[in-house]
Amino acid sequence: MSFRSSLVFASALLAAACGGAAPSQPAAPANPADLVIVNGKVHVADEANTVVQAVAVKGNTILKLGTTDEIKALAGPATRVIDAKGATVTPGFTDSHVHFISGGFSLQQVDLAGLTTLDQVQAKIKDFAAKQPAGTWVRGFGWLYQPFPNASPTKAMLDAVVPDRPAVMDCYDGHSVWVNSVVLKMAGITKATKDPKNGVIMRDASGEPTGHLKEAAQGLLDGIMPKETVESRRAALKLAIAEANKFGVTTIHNAGTSFDDMDLFDEAKKAGSLTVRSYLATRGVAGLTEADADKMDEARQRFGDDPLLRTGIVKMFADGVIEAKTAAMLEPYVGTKSAGEPNMTAEEMNRIVAMFDKRGWQIQIHAIGDRAIRMSLDAFEAAAKANPEPARGRRHRLEHIEAISAQDIGRFATLGVIASQQPMHASLGDVNQAVPKGPWPDAIGPERASRAWAWKSILNAGGRVTFGSDWPVATLEAGQGIWLASTRVKADKAEDQRLSIDDTLAGYTRWAAYASFDEKRKGTLQPGMLADIVVLTTDITAAPIPKNTDVVVATTIVDGKVVYEKK
């Protein structure tokens, strides 16, 4: 054996003694994922309620689902890896009913939400006012009816804490405003002022205005209120986007948007700061003409079918709210001869609905009282008979549906109308009660109140449901709605409206995507779908959620990009 051969033989023996050739490293994937989420309870939100461990994202779409090991194998050196640590992972939440810029403004005002006594309300306003520059208006939002005698706040109560400058407090439902004496004087609202159409100036026994203005009477302040500017509305939109990102809301359906506000959304999109998908409703009011509809069509064509920003839905109002006794009911409110009045005649509603239905628009109607609900369903039924089937199919919607007649529950399935409801409305003023104690049930009595917010009844009858908040009426925090809908307590004589956690999540994901014609591109975590994802801090599906604050977002992903991480 030559010297060279001896060296080769010795090297072979050494390699064998050391266990053979050096172990090879796994080859890097040829086309690695940009982002992977592992070790989770990933709820695909499909109809089979599939749950997997991990999900991979490439660009702005879902690449693959699988086990943690399978998905880790798709990670390259530059792949972002998020360890869910056993927590729930879902498609991004959709809020199917918001007033987005108004919500942004509310974040800059004194927050009166959830306060249950007059002392609490006054103390918070006083503290807030003391921190504001002298001479500025004191603005607030979110007061409930419960703290006030006869569910009606007075100027004297507000004068006691803000006597020397204008103070305006918006009710949580957006249908009432509470002002002090300074504002009444500035607006010229006196004993001689007549109630406007569809509005009420609350008065004391002598006829003097009390400082509580309902519905259209709020418009009496338009001439004196500080004017919002483009800059202030732009700032409010920025705040609202950050709030949505924080709560895992990756899509909003904005319930009524001016053309000017559409421009602000478009501006944010072009700047790359619109990190929430936005489906913007225009406004349909009495007297709307074909020429008005033509302008709306122009806006629809301008945005096209952009999954980040588009329109194609029009918002109408059938009535007011039950607490203020302005919702339209089939029978009078308890202890009164009034049943409330619709905001427009049935003939006018039918005309407007048919006009937009013929043009292929989706229509959403605010309908709270049983008369308003029936009137709206009748309008949809009449439009379906009058017009050929629109190219994209009909998916009209009713919003809120707080007090429905038993006879109309099955009509949602029959007519293909979507029930767009807000779970936290069922708890305002009395947390986790199916019917809150106070002005709401007292106004309509136990029999009608037994069908409050009947989302499960509508589902059981074959209808479709989608969930939202009506922010700033209720918090934008989708987790609180998920808690309420999945743990809702049964009221006396009421059908149990509590949903499974899977159905509840579907109301904020898959069903919500259907409600905006988006089910083929988002709402489920399946390969090829848009990568809008929420990672929570815990597994909320293991047991009933204990408290309304227990659904906490750890990470929000929109279009494949992380837009929020909990500190």
Side chain of [X], backbone of [Y]: donor and acceptor closer than 3.5 Å?
X      : Y      : answer
Lys315 : Leu280 : no
Lys214 : Ala324 : yes
Lys566 : Thr537 : no
Glu208 : Asp204 : no
Asn150 : Ser152 : no
Ser486 : Ile501 : no
Asn198 : Ala216 : no
Thr326 : Val321 : yes

May I have all residue pairs that pass side-chain hydrogen bond (donor to acceptor under 3.5 Å, both in side chains) and include part of residues 178-190, sequence neighbours excluded?
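Of all non-adjacent pairs touching residues 178-190, those that pass side-chain hydrogen bond (donor to acceptor under 3.5 Å, both in side chains) are Asp159-Ser181.
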Quick one: which residue pairs count as a side-chain hydrogen bond (donor to acceptor under 3.5 Å, both in side chains) with a foot in residues 336-350, not counting sequence neighbours?
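Of all non-adjacent pairs touching residues 336-350, those that pass side-chain hydrogen bond (donor to acceptor under 3.5 Å, both in side chains) are Glu348-Arg351.
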For Gln120, is the CD atom crowded, meaning more than 12 foreign heavy atoms sit under 6.0 Å from it?
yes
Measure the spacing between [atom1] of [X] and [atom2] of [Y] and express it to the nearest 0.5 Å.
X      : Y      : atom1 : atom2 : answer
Ser232 : Ile101 : OG    : CD1   : 9.5 Å
Ile363 : Ser376 : CD1   : OG    : 10.5 Å
Thr193 : Leu184 : OG1   : CG    : 9.0 Å
Asp503 : Arg498 : CG    : CZ    : 13.0 Å
Glu215 : Ser176 : CD    : OG    : 6.5 Å
Gln497 : Ser457 : CD    : OG    : 3.5 Å

Kindly assign one of parallel, tilted or perpendicular to the pair His366 and Phe317, based on the angle between their ring planes and the thresholds 30° and 60°.
tilted
Can you tell me how the ring of Phe467 sits relative to the ring of Tyr508, calling it parallel under 30°, perpendicular over 60° and tilted otherwise?
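Judged by the thresholds at 30° and 60°, the geometry between Phe467 and Tyr508 is tilted.
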Nearest atoms (heavy-atom pairs only) where Val98 meets Ser469
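Result for this residue pair: CG1-OG, 3.8 Å.
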Where Thr556 and Thr250 come nearest, the two heavy atoms and their spacing
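Minimum heavy-atom separation between Thr556 and Thr250: CG2-CG2, 3.8 Å.
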Between Ile409, Asp370, Leu398, Leu377, which is the residue that forms a side chain to side chain contact (heavy atoms under 4.5 Å, CB included) with Ile404?
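Considering Ile409, Asp370, Leu398, Leu377, a side chain to side chain contact (heavy atoms under 4.5 Å, CB included) with Ile404 is found only for Ile409.
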Tell me which one of Tyr279, Trp361, Phe259 satisfies side chain to side chain contact (heavy atoms under 4.5 Å, CB included) with Thr311.
Trp361
Residues which pass side-chain contact (heavy atoms from CB on, under 4.5 Å) with Asp378, listed by chain and number, not counting sequence neighbours
Arg374, Glu381, Arg411
Run the side-chain contact (heavy atoms from CB on, under 4.5 Å) test against Asp195 and tell me which residues pass, sequence neighbours left out.
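By the side-chain contact (heavy atoms from CB on, under 4.5 Å) rule, Asp195 matches Val200, Ile201, Arg203.
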What's the verdict on side-chain contact (heavy atoms from CB on, under 4.5 Å) for Val183 and Ile224, showing C-alpha distance, side-chain angles and the deciding distance?
CA-CA 8 Å; Val183 172; Ile224 64 163; 3.9 Å; yes
Under 6.0 Å from the six-membered ring centre of Phe128 and within 45° of its axis: does the NZ or CZ of Lys131 meet both?
no
Could Arg464 and Phe412 be counted as a cation-pi pair, given that NZ or CZ must be under 6.0 Å from the ring centre and within 45° of the axis?
no
Please step through side-chain contact (heavy atoms from CB on, under 4.5 Å) for the pair Arg395 and Tyr514, ending with a clear verdict.
CA-CA 9 Å; Arg395 296 186 190 179; Tyr514 178 88; 3.3 Å; yes
Run Gln362 and Arg397 through side-chain contact (heavy atoms from CB on, under 4.5 Å) and show every step you take.
CA-CA 8 Å; Gln362 187 179 32; Arg397 301 163 38 161; 3.3 Å; yes
Does a donor on one side chain sit under 3.5 Å from an acceptor on the other, for Glu243 and Trp471?
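No, no side-chain donor-acceptor contact under 3.5 Å.
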Under-4.0 Å salt bridge between Arg233 and Glu231
no
Under a 4.0 Å N-O cut-off, is there an ion pair linking Arg139 with Asp170?
yes
Less than 6.0 Å separating the ring centroids of Trp511 and Trp455?
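No; Trp455 has its ring centre 6.0 Å or more from that of Trp511.
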Please lay out, stage by stage, how Lys547 and Asp550 fare under the test salt bridge (charged side-chain N to carboxylate O under 4.0 Å, His left out).
CA-CA 5 Å; Lys547 301 192 303 294; Asp550 283 346; 3.3 Å; yes
Lys197 meets the salt bridge (Lys or Arg N to Asp or Glu O under 4.0 Å) criterion, sequence neighbours left out, with none
Full working for side-chain contact (heavy atoms from CB on, under 4.5 Å) between Met169 and Val177:
CA-CA 6 Å; Met169 305 291 139; Val177 68; 6.0 Å; no
Hey, could you give me each pair passing ring pair (Phe, Tyr, Trp, His ring centres under 6.0 Å) that has a residue in residues 211-252? Not counting sequence neighbours.
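Checked against ring pair (Phe, Tyr, Trp, His ring centres under 6.0 Å) - neighbours excluded - the pairs reaching residues 211-252 are Trp143-His212.
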